[in-house]
Amino acid sequence: MKFYTTTYHSDLIKDTNRLSAFLEGIIEVSNTFNNFKNIDKNNKINENINENEDKNNENNIFNLKNKINFEKKKNSRIALDIGCGSGVLSYFASKCFDSVLGIDIDEKIINYAKKSFFNAEIENVSFINDDASSYDFSKLFNVSNLDNDSIFEKFTDLIICEMLDTALINEEEIPVLNNIQKYLKNKDNVKILPKGIINVAEPVFMEKDYINYEDEEFHGNKPQYEILGGPVKYLELNFLDNIDPAVETVINFNLNDFSSNVNTDNFDNNMNKDLKSHFNGIKITTFTLITDNILCGPTPMFNPPLFVPVPNINTVNETNNSNSNYIKNEKKHEKNISLKLEYLMGGGVETIKTKIIN
Ligand SMILES: C[S@@+](CC[C@H](N)C(=O)[O-])C[C@H]1O[C@@H](n2cnc3c(N)ncnc32)[C@H](O)[C@@H]1O
């Protein structure tokens, strides 16, 4: 199938690791309903797509041939794809579900998605351009005699919500999930994909003295860094739970000796290279629980690890250098450090705060 997309959504489509994880997840969930239709192997995703192809038509609205009737029929399966972008996950779902509805806040990509599916003559998928964090989902269904808070379990079988980014800090996954919660009473009756995430932090000696991603293609050269201790899981979220977007946690690290051959000559940090051990930041990695059986780590376009500097280390008293921006471990044995980490999920990286507390 040929997808019309923006440059950003085209990059998402090219990330085949990300796509395979979600395709497997959609197939796994739909198999639990026993109605999986074979995905046409000839229907390959066209990777050579960008917005220029459709410059002249980008403001047109492309209506699908037939509007989907979202009234739930007996034995029919309905999937929602929230933050659907180009509709690539809607496309996978269209092979396994009777009806699929995609929603995205970006008008341009919704118009492209409508065009792609119209041209491909896929008639069981429709799209809405709206903000899913405030959208009134009762408008979709004929629910006059029903409580709003059970709409999703009565009318949908799968909710796909791939609006993820590392630690869910920039994207609006959590505000959107919290809106979805209003329409869910019995969570056993609906499936969500991904199921949740696991966040892990590692203490590092990092190159930059500002927040940056380990993502060569989109954020410049890959940053250099040295891992100084074992990973610590600090947050696990199940997407069907009520989730407080404000994260406030204390992470306990064991620091090891600084040992590698990282070349620090070009590091932004004003650091004393004689020191054998440094701690000036954390690396946050997000693992996505697509389903109970599929755990997906970072892929090129999916959750590149995030480096966060730890600026106020002077409160830890092991250094002789009061101006130092790092920790010196003169004894060269493991050292315990407690770090307070705060941020608002959906609030952007500017909400991140770190502080050594012990
Ligand atoms: C990481 S992209 C994923 C796109 C698509 N799910 C895919 O797998 O290719 C996240 C998408 O969420 C959309 N989005 C962000 N905030 C939204 C909101 N509040 N309501 C609806 N869509 C939103 C963006 O426009 C973007 O297309």
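Just so you know, ligand 1 is whichever comes first in the structure, and atom 1 is the first atom listed for that ligand.
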| Would you call F152 and L80 a side-chain contact if the rule is heavy atoms closer than 4.5 Å? | yes
| task | Could you find the nearest protein heavy atom to atom 20 (N) of ligand 1 and give me its residue, atom name and distance? | result | A132 N, 2.9 Å
| query | At a 4.0 Å threshold, what atoms of ligand 1 neighbour a non-hydrogen atom of D106? | reply | 25 (O)
| remark: One finds that the ligand 1 atoms under 4.0 Å from a non-hydrogen atom of L89 are 8 (O)
| said: Applying a heavy-atom cut-off of 4.0 Å, say which part of P175 lies close to ligand 1: side chain, backbone, both or neither. | reply: neither
| field | Donor + acceptor pair across side chains of T299, N17 (<3.5 Å) | value | no
| query | Can you tell me the protein heavy atom closest to atom 23 (C) of ligand 1 and the distance? | reply | I105 CG2, 3.5 Å
| task | Any atoms of ligand 1 less than 4.0 Å from a non-hydrogen atom of L12? List them with their elements. | result | 2 (S), 3 (C), 4 (C), 9 (O)
| note | Out of E162, E107, R18, the nearest non-hydrogen contact to atom 10 (C) of ligand 1 is supplied by E162
| task | Record the part of D131 in heavy-atom contact with ligand 1 below 4.0 Å; permitted values are side chain, backbone, both and neither. | result | both
| Counting heavy atoms only, which part of D130 comes closer than 4.0 Å to ligand 1: side chain, backbone, both or neither? | backbone
| field | Y225 and E214, any side-chain heavy atoms less than 4.5 Å apart | value | yes
| remark: Min over G346, S10, G83, C161 of heavy-atom distance to atom 6 (N) of ligand 1 lands on G83
| said: L237 and side chain to side chain contact (heavy atoms under 4.5 Å, CB included): which single residue from I197, V247, L177 fits? | reply: I197
| query | Does I128 belong to the same Ile/Leu/Val/Met/Phe/Trp/Tyr cluster as L158, with side-chain heavy atoms less than 4.5 Å apart forming each link? | reply | yes
| task | Among K195, E28, K191, find the residue that satisfies the side-chain hydrogen bond (donor to acceptor under 3.5 Å, both in side chains) test when tested with T291. | result | E28
| field | Same cluster (ILVMFWY, side-chain, under 4.5 Å), I159 and L289 | value | no
| message | Under a 3.5 Å threshold, yes or no: a donor from one side chain and an acceptor from the other, between D131 and S133? | response | yes
| request: Give the atoms of ligand 1, by number and element, whose distance to some non-hydrogen atom of E172 is under 4.0 Å. | output: 16 (N), 17 (C), 18 (C), 19 (N)
| task | Identify the protein heavy atom lying closest to atom 15 (C) of ligand 1, giving its residue, its atom name and the separation to 0.1 Å. | result | M163 CE, 3.6 Å
| query | Should the proximity of D104 to ligand 1, defined as any heavy atom under 4.0 Å, be assigned to the side chain, the backbone, both, or neither? | reply | both
| Protein contact to atom 1 (C) of ligand 1 [nearest heavy atom, distance to 0.1 Å] | Y8 OH, 3.2 Å
| Shortest non-hydrogen contact from E207 toward P223 | OE1-CA, 3.2 Å
| Under-4.0 Å heavy-atom contact with ligand 1, by part of V88 that carries it | side chain
| Within the structure, does H9 bring an N/O atom to less than 3.5 angstrom of an N/O atom in ligand 1? | yes
| Just wondering, do L168 and E171 contact through their side chains at under 4.5 Å, heavy atoms? | no
